[in-house]
Structure formats: structure tokens, C-alpha cells
Trainee: 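Could you have a look at this structure, given as C-alpha cells, before my questions?
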Amino acid sequence: MERRLIAGKPYRRLLVAPRPVAEGMKACLEARGLPVYLETPFPGLPEAATGTYMGDVALYVPEEVLGEAEALLREDVP
């Protein structure tokens, strides 16, 4: 699983999904109090920042809550 340091804190990639799906999962996790970082493949482009890019994006969560995030997403899947 891919790892990133974000603000000096280790994050793990939870999933890669189309942006609309990832945004929904991000909202679900943040509603439960978990921090989430969404990364597009083109971080310097305006489309990435404005949310108009709808391709695949990576969703990262802090390493210490990875298991909790995975469990929460499994709960919310019908």
C-alpha cells in the first residue's frame, strides 16, 4: 500500500477511484471525524484543484486510522 508523508504525518492510500466516487467516500469518512487527503494525478493543474477532473484519484488516510477507515467504508457499502 502506497505511503505519503503529509504535514510530517504518515498517510496510506486507501483506494483509487473515479473522482465522484472518491469524493463521496471522502465525505463519509470526514463525517466520522477521519482526516482524508485526496490526490489527483495532476496536482498542478487548475482542473485538479477546482474539482472538474473526474478521472481516477487516490484517497489517503492517516496510517493509524487505516483499519477504521476500511471498516467504515465496508459498513456503508450495500
Trainee: Can you confirm whether Met54 sits close enough to Pro18 that some side-chain heavy atom of one is under 4.5 Å from a side-chain heavy atom of the other?
Mentor: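 Side-chain contact under 4.5 Å: no.
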Trainee: Considering residues at least two apart in sequence or located in another chain, which fulfil the salt bridge (Lys or Arg N to Asp or Glu O under 4.0 Å) criterion with Arg13?
Mentor: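 Testing Arg13 for salt bridge (Lys or Arg N to Asp or Glu O under 4.0 Å), a comparison that skips the adjacent residues, returns Glu2.
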Trainee: What's the separation between atom CD in Glu64 and atom OH in Tyr11, rounded to the nearest 0.5 Å?
Mentor: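 Separation between the atoms: 8.0 Å.
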Trainee: Working to the nearest 0.5 angstrom, can you tell me the gap between Glu75 CD and Glu70 CD?
Mentor: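 Glu75 atom CD to Glu70 atom CD measures 13.0 Å (nearest 0.5 Å).
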Trainee: What residues, two or more places apart in sequence or in another chain, satisfy side-chain contact (heavy atoms from CB on, under 4.5 Å) together with Leu15?
Mentor: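 Leu15: side-chain contact (heavy atoms from CB on, under 4.5 Å) contacts with Ala17, Met25, Leu59, Leu73.
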Trainee: Are Pro41 and Asp56 close enough that some pair of their side-chain heavy atoms sits under 4.5 Å apart?
Mentor: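 No - every pair of side-chain heavy atoms lies 4.5 Å or more apart.
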Trainee: If the condition is salt bridge (Lys or Arg N to Asp or Glu O under 4.0 Å), which residues does Glu63 pass it with, not counting sequence neighbours?
Mentor: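 By the salt bridge (Lys or Arg N to Asp or Glu O under 4.0 Å) rule, Glu63 matches Arg3, Arg12.
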Trainee: Which residues satisfy the salt bridge (Lys or Arg N to Asp or Glu O under 4.0 Å) test with Glu68, sequence neighbours excluded?
Mentor: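 Listed in chain order: nothing, the list is empty.
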Trainee: Got a second to check how far Ile6's CD1 is from Tyr60's OH, nearest 0.5 Å?
Mentor: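 Ile6 atom CD1 to Tyr60 atom OH measures 7.5 Å (nearest 0.5 Å).
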Trainee: Going from CG on Leu14 to NZ on Lys26, what distance comes out if it is rounded to the nearest 0.5 angstrom?
Mentor: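 Answer rounded to 0.5 Å: 13.5 Å.
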Trainee: Should Val57 and Val16 be marked as a side chain to side chain contact (heavy atoms under 4.5 Å, CB included) after you check the CA-CA gap, both sets of side-chain angles, and the distance that decides it?
Mentor: CA-CA 5 Å; Val57 297; Val16 174; over 6 Å; no
